[in-house]
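Down below is the structure, laid out as structure tokens.
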Amino acid sequence: MNPHVIVIGGGTAGMEAAGRLARAGMSVTLIEKGKDLGGHLRDWYHLFPDRRSSDEVLEYLKGQISHQNIRLLTGQQVTGFIHKGNEFTVSTGNGDTINGDALLLATGFDLFKSERKEEYGYGIYENVITSADLEAMFRKKEVKLVSGKKPERIGFLHCVGSRDEKVGNIYCSKLCCVTAVKQAIEVKKIFPASKVFCFYMDMRMGGALYEELYKEAQEKYSVGFIRGKVSEVAVNINNRLVAKVEDTLVGRPLKMELDMLVLMAGMEMSEDAVRLAKETNLQMGENRFFKPADHHFGTNMGNVNGVFYAGACTAPLNITETISHARSAVTEIVNYLNTGRK
Amino acid sequence: MKQEENTRVWRDYQKEIADDHFFYVRSCIRQSFFPGSEQFFLQLMRDVLGKDVYENPSHTTCTGIGYHGDVVPFSTIQTVVARHYALMKESGYKNVAVSCVTSFGIYTEILETWKHFPEELEKTREFLYKATGREFDLPENVAHTSDIIYKFRDEIAARAKYPLVNKLTGEPLRVVEHIGCHYSKMFPKYGVGGAEFPQVLSGMVESWGGQIVDYPERRHCCGFGFRQYLVQANRGYSLSNTVKKFSSMKPYKPDLVITNCPGCNMFMDKWQYTIKEMEGLTYGENGESIPILTYEELAGLVMGRNPWDLGLQFHMVQSEPLLRKMGIEFDPSDKFKTKDGRQMPIPENLINS
């Protein structure tokens, strides 16, 4: 009988890994808490750096899991697992139990809840939205203010919930900078006459072609980059947003009127995964993502033998990195099952 | 602003406010600048609501002005506050009611310090014992007196004679609420509604029929800022912050400002006079200035107390335009008379009168 791997999480990492495991001859059960597969990818419009449609990647992943060795369980929340000898028993919210030889956690991330940064007024002031809200607007091809009017001045605020000790997240979510640049370009393409500003602490453009995109945003699309964090947002008597920010390059505070402010929400370990980690004694790192066994050689393993990790449940990762990480998890799992499960 | 969302935010910051048996600690400056406020608080609590509020004559300043002016060290202020707790213990009380926002901030800062650095607590116990032979317990409940008025706001509304409605137009009065920085900006959990969308004053105003004005500089400092004012060379900075704040609220045509901090009340009141003298600028309607009231004074007006018993005549900006809007009857000739009817000197250059 083929070894049976249980994959928890049907986003990019879980789908890619499930497909690869099936092709490697494993029997796979892929459990997803939502009713649809695809995770956050389903909410995204275009991906950086080449602005490829996210639907294209989703189609690829759907192709990956189209395999007879894969059993899909959607709409099922994993509530815990028991590890006995070499066997894992996973329990779900509707009372089912599933036995397997190895467990792959691909539980992904939650977007930082931007309303926690109360000073930015998300959920309080109309037209303060998140990067995810803007993607939804892109997908619907309806980028507009609540009044229905076209935005003329749009701000992007980096590092919302990232590199912020006040909310307990000292880490960099690393993808928000390039997402802001990508979204700023998208907005300029829709509204060429608009003024678009990015408020940043540092531009962290470490990925392939990110820097080029940043340059394009400045040179081709005239996006303004202001080094300084917004301290607070309010609304003036004309119902326009007023952002207070310090321009640290000029060394002066400034107050800017905006029609729309986009909060670049960071990434956090998903709440469900935190609960699972606590209940099953899986170690989390200082950043509350799953703690890898080794930062160089063991990013797919944790502190429980036979439990593997893939994707953004270990740290903020982009789609490219997530797919690579899922593939390396498959290699580790196959190795584990073929070499006496040690 | 989406009001229901604002409500959601402040509901995340609920604090427990004791119901009765308060150890009351006064402010250093409120009795001079707003002499009716603390008196009305005590009358309201004792005579109207039937609560037990105790004052200990040995209570002193918390030294907060010196602390924030960088002349009183932290260990000293901890020991002074510990002495207040010792007085509270000796008097048999466990709930402290603090009149001053700066003192309230000091009390909360010290309690948080002792929680996170227990060695500071032990050191303070030793200092107090060596200096005075006193011992103390930590309070069970710390409330600012605006918290307590907030808690009983509906009882006040039930007794309202003059709700916050403009009698001339029938519209709710437009009220700017200004929260002292030391109320909840340091520790949002100690404030009703947290730091960004505090509810402590807006809850009172809404309960009494008024409408809160949300304006861009709502969270901005009143301009006092301790060192900004206490160091004479910085006073221009203090004043310019006040100008920024009033310029921001002016387009909304507020009928009054309500504050919960002695410093804010004083500076927003007196700097309006200064700005008018220096620049000829006023921020209310019809060239008038905006009355700045304490929450006790406003509660007293709503309940129909005589404005002169509440001490409104001792503000720099006089309240007559507001009293007329609320339909409150008052006798201008009583304004500067003592309780036994003797005429006091009448100040010159009062604004709005």
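The sequence lines fix the lettering, A, B, ..., with proteins before strands; numbering per chain opens at 1. Since we're looking at a predicted model, the values are computed, not measured.
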Full working for side chain to side chain contact (heavy atoms under 4.5 Å, CB included) between B:Arg218 and A:Glu232: CA-CA 11 Å; B:Arg218 188 171 54 83; A:Glu232 67 168 322; over 6 Å; no

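- The environment of B:Lys253 atom NZ is sparse: at most 12 non-hydrogen atoms of other residues, nucleotides or ligands sit within 6.0 angstrom.
- Side-chain contact check for B:His220 versus A:Lys244: some heavy-atom pair is nearer than 4.5 Å.
- B:Glu217 and A:Lys255 are joined by a salt bridge, as a carboxylate oxygen and a charged side-chain nitrogen come within less than 4.0 angstrom of each other.
- Using a distance-only test at 3.5 Å, with no hydrogens or angles considered, no donor-acceptor pair links the side chain of B:Tyr215 to the main chain of A:Asn236.
- For A:Lys229, the NZ atom sits in a packed shell: over 12 heavy atoms of surrounding residues, nucleotides or ligands are nearer than 6.0 Å.
- Annotation: B:Glu119, atom CD; neighbour count of heavy atoms from other residues, nucleotides and ligands within 6.0 Å is above 12.
- Rounding to the nearest 0.5 Å places OH of B:Tyr252 at 5.0 Å from CD1 of A:Ile237.
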Apply side-chain hydrogen bond (donor to acceptor under 3.5 Å, both in side chains) to residues A:Glu118 and B:Tyr13 and explain how you reach the verdict. CA-CA 12 Å; A:Glu118 293 165 30; B:Tyr13 293 96; 2.6 Å; yes

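- Counting non-hydrogen atoms of other residues, nucleotides and ligands closer than 6.0 Å to NZ of B:Lys151 gives a total above 12.
- Within a 6.0 Å radius of CD in B:Glu16, no more than 12 heavy atoms belonging to other residues, nucleotides or ligands are found.
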